[in-house]
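Remarks on the structure that follows.
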Amino acid sequence: MSKPTHVSETPATAWLRRQGIAFVEHVYEYVEHGGTAVSSQSLGVPEHQVVKTLVMQDEQGKPLIVLMHGDCKVSTKNLARQIDRKRVEPCTPEVAQRHTGYQVGGTSPFGLRKAMPIFVERTVLELERIFINGGRRGFLVEISAAILVAKLAAVPVDCALEP
């Protein structure tokens, strides 16, 4: 059986089309807990160029999104300090899905179920093209990194922990 080269419309791709944003679809075989290492290897691109969409919450349980290089972790202490929160922590998968409408492993910052603040690691914006989830497991879209600020109003932060 051949691998599909096109994925049916997701809330993320519908949002991108409505915004008139050009993107390239990339399908790969999803591996449970494989993360960006699997997707970058499958697509033959540096893991640093694959951007993960992380759903976090502050001390009051208010959700927020952090966009981070695939090969880096988030310093929640640095992030909390920069966005003037007492604490930031990852959401449970169930809570993340409720906030975003996406299954964990398929979370995209585009077409979210409800509006929430979006923060992006500043160095992600230095990349010309990024690969980011298109709203389904095993599906990334390749877009210009500038879209994150221009269309999502993502706020640049410095919270990456190098691998």
Side-chain angles (χ1 to χ4, degrees), residues 10-12 15-16 19 21 23 26 30-41 43 45-137 139-163:
T10 67
W15 186 90
L16 288 165
Q19 298 291 320
I21 298 169
F23 63 93
H26 295 278
Y30 179 79
V31 176
E32 192 79 33
H33 305 296
T36 54
V38 168
S39 56
S40 65
Q41 188 175 12
L43 300 178
V45 298
E47 191 176 5
H48 199 67
Q49 222 173 325
V50 177
V51 175
K52 50 193 174 186
T53 304
L54 304 167
V55 186
M56 307 233 173
Q57 63 189 14
D58 67 13
E59 69 280 357
Q60 297 173 340
K62 292 184 178 157
L64 56 104
I65 298 282
V66 181
L67 304 175
M68 180 57 71
H69 295 285
D71 59 351
C72 296
K73 289 185 173 7
V74 173
S75 166
T76 53
K77 282 184 180 167
N78 287 348
L79 177 63
R81 198 174 309 120
Q82 288 178 58
I83 65 173
D84 204 25
R85 305 294 203 294
K86 286 186 178 80
R87 191 178 71 246
V88 173
E89 62 191 15
C91 289
T92 65
E94 299 77 29
V95 170
Q97 187 167 342
R98 199 168 58 240
H99 287 315
T100 64
Y102 293 112
Q103 187 176 26
V104 170
T107 304
S108 177
F110 312 115
L112 295 168
R113 177 176 284 161
K114 64 183 182 184
M116 59 189 90
I118 299 177
F119 300 93
V120 58
E121 171 58 33
R122 188 177 314 279
T123 54
V124 167
L125 302 172
E126 296 168 6
L127 300 170
E128 192 173 320
R129 306 287 293 170
I130 58 168
F131 297 79
I132 194 163
N133 202 289
R136 181 167 291 144
R137 290 176 169 182
F139 177 51
L140 299 182
V141 291
E142 179 184 350
I143 60 166
S144 161
I147 298 300
L148 302 176
V149 173
K151 296 292 186 176
L152 288 178
V155 177
V157 291
D158 297 297
C159 62
L161 290 173
E162 298 300 321

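Start at 1 with the first residue, then count along the sequence.
A side-chain donor-acceptor contact under 3.5 Å links Asn133 to the backbone of Arg136. The closest donor-acceptor contact from the side chain of Glu47 to the backbone of Ala37 lies under 3.5 Å.
Under the 4.5 Å side-chain criterion, counting only non-hydrogen atoms from C-beta, Val88 is not in contact with Val74. Two residues are said to be in side-chain contact when any heavy atoms from C-beta on lie closer than 4.5 Å; Lys114 and Pro63 meet this criterion. With a 4.5 Å cut-off on side-chain heavy atoms, Leu54 and Pro90 do not count as touching. Side chains of Lys77 and Cys159 form no contact here, defined as non-hydrogen atoms less than 4.5 Å apart. Side-chain contact check for Ile143 versus Ile130: some heavy-atom pair is nearer than 4.5 Å. Val157 has its side chain out of reach of Val120: every pair of non-hydrogen atoms, C-beta onward, lies at least 4.5 Å apart. Contact check for Phe110 versus Pro11: no side-chain heavy atoms found under the 4.5 Å cut-off.
Here the CZ-CD distance, from Arg113 to Gln97, works out to 7.5 Å after rounding to the nearest 0.5 Å. Rounded to the nearest 0.5 angstrom, Lys52 NZ and Cys72 SG are separated by 7.5 Å. Atom OG1 of Thr36 and atom CD of Gln41 lie 11.5 Å apart (nearest 0.5 Å). Taking CZ from Phe139 and CD1 from Ile132, the interatomic distance works out to 12.0 Å, rounded to the nearest 0.5 Å. Taken to the nearest 0.5 Å, the CD1 atom of Ile118 stands 4.5 Å off from the CG atom of Leu152. Taken to the nearest 0.5 Å, the CG atom of Leu16 stands 7.5 Å off from the OG1 atom of Thr10.
For Gln60, the side chain to side chain donor-acceptor pair (under 3.5 Å) partners at least two apart in sequence or on another chain are Lys62. A search for side chain to side chain donor-acceptor pair (under 3.5 Å) contacts involving Thr76 returns nothing, not counting sequence neighbours. Scored by the side chain to side chain donor-acceptor pair (under 3.5 Å) test, Gln57 finds Glu89 as partners (sequence neighbours excluded). Judged as a side chain to side chain contact (heavy atoms under 4.5 Å, CB included), and not counting sequence neighbours, the contacts of Lys151 are Trp15, Gln19, Ile21, Ile147. Checked against salt bridge (charged side-chain N to carboxylate O under 4.0 Å, His left out), Arg129 has the following partners two or more places apart in sequence or in another chain: Glu142. Looking at residues two or more places apart in sequence or on another chain, you find a ring-ring contact (aromatic ring centres under 6.0 Å, His included) between Phe131 and His26. Among residues two or more places apart in sequence or in another chain, the side chain to side chain contact (heavy atoms under 4.5 Å, CB included) test is passed with Glu32 by Tyr30, Arg137. Scanning for side chain to side chain contact (heavy atoms under 4.5 Å, CB included) contacts around Asp158 gives Gln82, Glu121, Arg122, with sequence neighbours left out. Every residue was checked against the side chain to side chain donor-acceptor pair (under 3.5 Å) condition with Ser144, not counting sequence neighbours, and none meets it. For His99, there are no ring-ring contact (aromatic ring centres under 6.0 Å, His included) partners, not counting sequence neighbours. With sequence neighbours left out, Pro117 forms a side chain to side chain contact (heavy atoms under 4.5 Å, CB included) with Leu64, Arg85, Phe119.
Residue pairs satisfying the side chain to side chain donor-acceptor pair (under 3.5 Å) criterion with at least one member in residues 65-74, sequence neighbours excluded, are listed as follows: His48-His69, His48-Asp71, His69-Thr123.
The minimum heavy-atom distance between Leu127 and Ala145, with the atom names listed, is O-CB, 3.1 Å. When all heavy atoms are compared, the tightest approach of Gly134 to Ala12 is O-CB, 3.3 Å. Nearest heavy-atom pair across Ala96 and Val55 is CB-CB, 3.8 Å. The two atoms that bring Ser39 and Val50 nearest to each other are OG-CG1, 3.8 Å, heavy atoms only.
Taking a 6.0 Å sphere around CD of Glu59, one finds it holds more than 12 heavy atoms contributed by other residues, nucleotides or ligands.
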message: The test is side chain to side chain contact (heavy atoms under 4.5 Å, CB included); show your working for Ile65 and Thr100 and say whether it passes.
response: CA-CA 9 Å; Ile65 298 282; Thr100 64; 4.2 Å; yes
query: When you look at Leu67 and Val124, which way does the side chain to side chain contact (heavy atoms under 4.5 Å, CB included) test go after all the steps?
result: CA-CA 8 Å; Leu67 304 175; Val124 167; 5.8 Å; no
